[in-house]
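Hydrogens, waters and symmetry mates play no part in the numbers below; they use all other heavy atoms, side chains included.
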Amino acid sequence: MSANAPTEKKKGKAVPRTAMPEQPASVRVTNFNEVTLGYTPEMALTEANRCIQCKKPLCVKGCPVEINIPGFIKKIVEGDLHESYKVLRETNSLPAVCGRVCPQETQCEGSCIMGKKGEPVAIGRLERFVADTFMASDACEQLTGTHACSLEHEGLKVACIGAGPSSLTVAGYLSSLGIKVHVYEALHELGGVLIYGIPEFRLPKEIVRKEIEAMKAQGVEFHTNWVGGKTITVQDLIDQGFNAVFIGVGAGLPKFLRVPGENLIGVFSANEYLTRVNLGRAYTFPAVDTPAYTGKNVAVFGAGNVAMDAARTAKRLGADRVMIVYRRSEKEMPARLEELHHAKDEGIELMCLNAPVELIGDEKGWLKTLTVQKMMLGEPDESGRCSPIACDGQFCDIPCDMAIIAVGTGSNPLMTNSTPGLELNKWGYITVNEDTGETSIPNVFAGGDIVTGAATVISAMGAGRRAAKEIARRLLG
Amino acid sequence: MPSRILKKRSLIPGQTSELVLDAPHIAAKAKPGNFVILRVSENGERIPLTIADTDKKAGTITIVYLVLGKTTAQLETLKEGDDILDLCGPLGKDTDIHKYDGPVICVGGGTGIAAMHHIAKGHHMAGNHVIAIIGARTKDLLLFEKELKRFCPEVLVSTDDGSYGHKGLVTEILEARLKADPTIGEVVAVGPVPMMAAVARTTKPFGVKTVVSLNSIMVDGIGMCGACRVSVGGKTQFACVDGPEFDGQLVDFKELSSRLSAFKAMEQISYEEFKKSHVCKCSH
Ligand SMILES: Cc1cc2nc3c(=O)[nH]c(=O)nc-3n(C[C@H](O)[C@H](O)[C@H](O)COP(=O)(O)OP(=O)(O)OC[C@H]3O[C@@H](n4cnc5c(N)ncnc54)[C@H](O)[C@@H]3O)c2cc1C
Ligand SMILES: Cc1cc2nc3c(=O)[nH]c(=O)nc-3n(C[C@H](O)[C@H](O)[C@H](O)COP(=O)(O)OP(=O)(O)OC[C@H]3O[C@@H](n4cnc5c(N)ncnc54)[C@H](O)[C@@H]3O)c2cc1C
Ligand code: SF4
Ligand code: FES
């Protein structure tokens, strides 16, 4: 550790971490605008100056794609944001997204030396600041000096199935090397969870669209409404002469609780609720045609990012009371720390150590009451978290007219079942070579949630990058 | 990808139309039992519609819809040469088609007749003797009789008011047939939920395999949201990927009916707003 403690340490220590400006909680629960407003140039400079430019930066080790963090921060200090953006883009194709949604507290910031005694450098906020500055101009132009990057390798083409962060990374990487990439997406919009899952107030869709526009300018061809395994199969793509195929279809199969009453009206998977609101933009209903249900007393089961997003969405759509019902305690909640804080500020109730046991409806099938059972924490399980134990006979009925199930997702078999010879693990996720991302079928690669199970944007991007590198190596030598 | 409307035919004026769509990539793959999800406008909702027929050579699919709410009303405003903004498919499992020794009875009610048409055709292609039983409230609301007659040796009709064919319900014809012919291989029913439930009740004593095609509310159509979930044999199934066809004896029709009403109030708002802003340009 001492090797990492250069002489300028004092300078960093004196200045507290720069707070992020945000919409006040009472205001933001009435709109879908982004909660955090972003640093001003002055704030960014102040924060960038807190970085002590470690010789052996721990933060970089904590970053799944090993962004040269001191490097991009140094460029902010020097006032060269263009260079700073270039450093980010060297290893991260979606910095404006990652700056907003990465769990920095367990990654780069969790490893930052400044955090050992005080507060870590706000790396994510700085990343967002730099990326946002450049979103305003044409990303492709900034990187290459031209509007469109010409195709250099006639005859080479790669297909991606799914248009989430893993596939987008493959597409961005390979197209910047002059390889033609075709992306096939089942839904009518591109971006995967970034579009249909993560709400507008946390990740404005405009940002995702701009990143995708930049890829189009780079020659990537997107085909929406094409369902892998239905409209087109891996074999079809191989037959059409694609040199490689990347499968990045995510882990979109919603899990249910298997408690009585789960099919009552008013009970939704988080996927359905968030898809209606985000993809269908139901928060502007009836200006759009997709409706979302608005409960008064809303229970959300689960405590990850998905649960927080669903709870905060329900609040914004007019719920009086929103409860996060979680089997464990607050300490075990898997959500990003910032999301948990924001949720609490917005008046979301945490109902920890409670598990739903039954949903009860009226004679017409509409949800009216939730029965929960008290839990206590037992020994840590294999995940290291304490496993919850039900307390005998301790039940409680709560008025509840809407329930959202956010207890995780499994692998969606639609694509994998239609691909003979594709090896899956016991949970139905695709098995790949750890180093290359290649599946059991030669030149067919996979990455992201369909390999790891529900994970993070950055790990999906990391997987995309790994596969893209290998594809490029094989195609270009 | 937008899809061009090549042909439009009004089947019941202002209420039901047939569209032939240019969609070679869907036509190439579509099998009986499959459906598409489409979106008509930038702010539109995704809705599922059954593929009523395909022409693989021409690269077209046929859909038939009943104007029920905003999206179908909007669809009805489109003309030949217009594009459908988003068209996604083919979705859902293919109909499980076998060759039977005895006849296969395909029952269709209302717009379900068109959806049933593709399934009946599939059974015909497999070499089955297909008996179609179709019903509507009244003669003018009957669809696809001619189309079915092209390959079904028997097309039996019922109308509620007796204006055409048997006066009464399709299940009455079905029951008589099941009684008369013990060799019936399978019964397929597509139509309103109460009709499908009645068909399942009718066939139960005869122990004949009964397949129903469920029309639960859908969002993505690829198994990612669970909006379409139905209880079949006490187990939750996703109609879009596990179905839409299921064993009629195992389906919880009561739950399905109730779930179909989940958004009724909001659908009404959409439709009213649409009608206000879109004064009907047709006959009146
Ligand atoms: C509500 C929510 C909030 C989240 N919050 C965070 C967060 O704050 N931070 C974070 O790091 N991670 C978060 N995650 C997780 C993160 O979004 C995912 O790990 C990541 O998006 C996975 O990327 P992917 O490329 O594997 O797949 P996805 O993003 O799931 O994209 C897959 C794409 O493939 C498409 N597809 C599926 N099947 C087919 C098919 N058969 N044919 C064609 N296309 C298909 C889908 O429509 C989708 O567009 C969140 C997830 C959710 C659901
Ligand atoms: C697999 C499947 C195949 C279908 N095939 C046909 C067909 O071939 N022809 C046809 O006319 N109809 C078909 N339907 C029903 C059709 O999807 C609905 O009538 C349509 O969505 C109505 O939309 P709307 O906006 O016009 O009316 P709305 O006002 O939105 O709704 C009217 C009624 O339609 C049902 N509905 C609404 N939204 C949906 C939705 N997203 N998914 C399913 N049902 C919904 C509800 O019961 C509602 O009460 C099918 C449904 C499914 C699930
Ligand atoms: S961000 Fe933290 S760990 Fe990384 S170089 Fe700066 S001070 Fe060191
Ligand atoms: S419509 Fe979403 S899972 Fe079936």
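For A:Phe222, no part lies under 4.5 angstrom from a heavy atom of chain B. In this structure, chain B has a heavy atom under 4.5 Å from the backbone of A:Leu264, while its side chain stays farther away. Using a 4.5 Å cut-off between heavy atoms, A:Phe256 contacts chain B through its side chain alone, with no backbone atom that close. Within the 4.5 angstrom heavy-atom criterion, atoms from both the backbone and the side chain of A:Thr231 approach chain B. When heavy atoms are compared at a cutoff of 4.5 Å, B:Phe238 approaches chain A solely by way of its side chain, counted from C-beta outward. Contacts of B:Ser257 with chain A are absent, with no heavy-atom separation under 4.5 Å from either backbone or side chain.
To the nearest 0.5 Å, the span separating OG on B:Ser270 from CZ on A:Phe285 amounts to 3.5 Å. Note that the OG1 atom of A:Thr224 and the CG atom of B:Leu87 stand 10.5 Å from one another [nearest 0.5 Å]. From B:Lys235, atom NZ reaches atom CZ of A:Arg258 across 8.5 Å, with rounding to the nearest 0.5 Å. Here CG of A:Asp289 is found 11.5 Å from CE of B:Met266. Values are rounded to the nearest 0.5 Å. Note that CD1 of A:Ile265 and CG of B:Leu260 are 9.0 Å apart. Values are rounded to the nearest 0.5 Å. Taking OG1 from A:Thr284 and CG from B:Asn43, the interatomic distance works out to 6.5 Å, rounded to the nearest 0.5 Å.
Taking the six-membered ring where the residue is Trp, B:His25 and A:Trp226 present parallel rings, their angle staying beneath 30° rather than reaching 60°.
Closest heavy-atom contact between A:His188 and B:Arg46: ND1-NH1, 2.9 Å. Minimum heavy-atom separation, B:Cys225 to A:Ser269: O-OG, 2.5 Å. Among all heavy-atom pairs drawn from A:Ala186 and B:Cys88, the shortest one is O-SG, 3.5 Å. Considering every non-hydrogen atom in both A:Trp366 and B:Ala262, the closest pair reads CH2-O, 3.6 Å.
Your options are A:Arg281, A:Lys364, A:Met415, and the one with the most heavy-atom pairs under 4.5 Å with chain B is A:Arg281. Of the residues considered (A:Pro413, A:Pro291, A:Ala251), A:Pro291 shows the highest number of contacts with chain B, using heavy-atom pairs under 4.5 Å.
Using modelled atom types, one side-chain atom of A:Asn412 and one backbone atom of B:Ile222 make a donor-acceptor pair closer than 3.5 Å. The backbone N or O of B:Lys29 lies less than 3.5 Å from no partner atom in the side chain of A:Lys230, so there is not a single donor-acceptor pair.
Put simply, the residue from A:Leu253, A:Thr409, A:Leu187 that forms a side chain to side chain contact (heavy atoms under 4.5 Å, CB included) with B:Met224 is A:Leu187.
Other residues, nucleotides and ligands place more than 12 heavy atoms under 6.0 Å from the NZ atom of B:Lys56. Atom NZ of B:Lys31 has 12 or fewer heavy atoms from other residues, nucleotides or ligands within 6.0 Å.
No hydrogens or angles considered: nothing links the side chains of A:Asn263 and B:Arg259 as a donor-acceptor pair under 3.5 Å.
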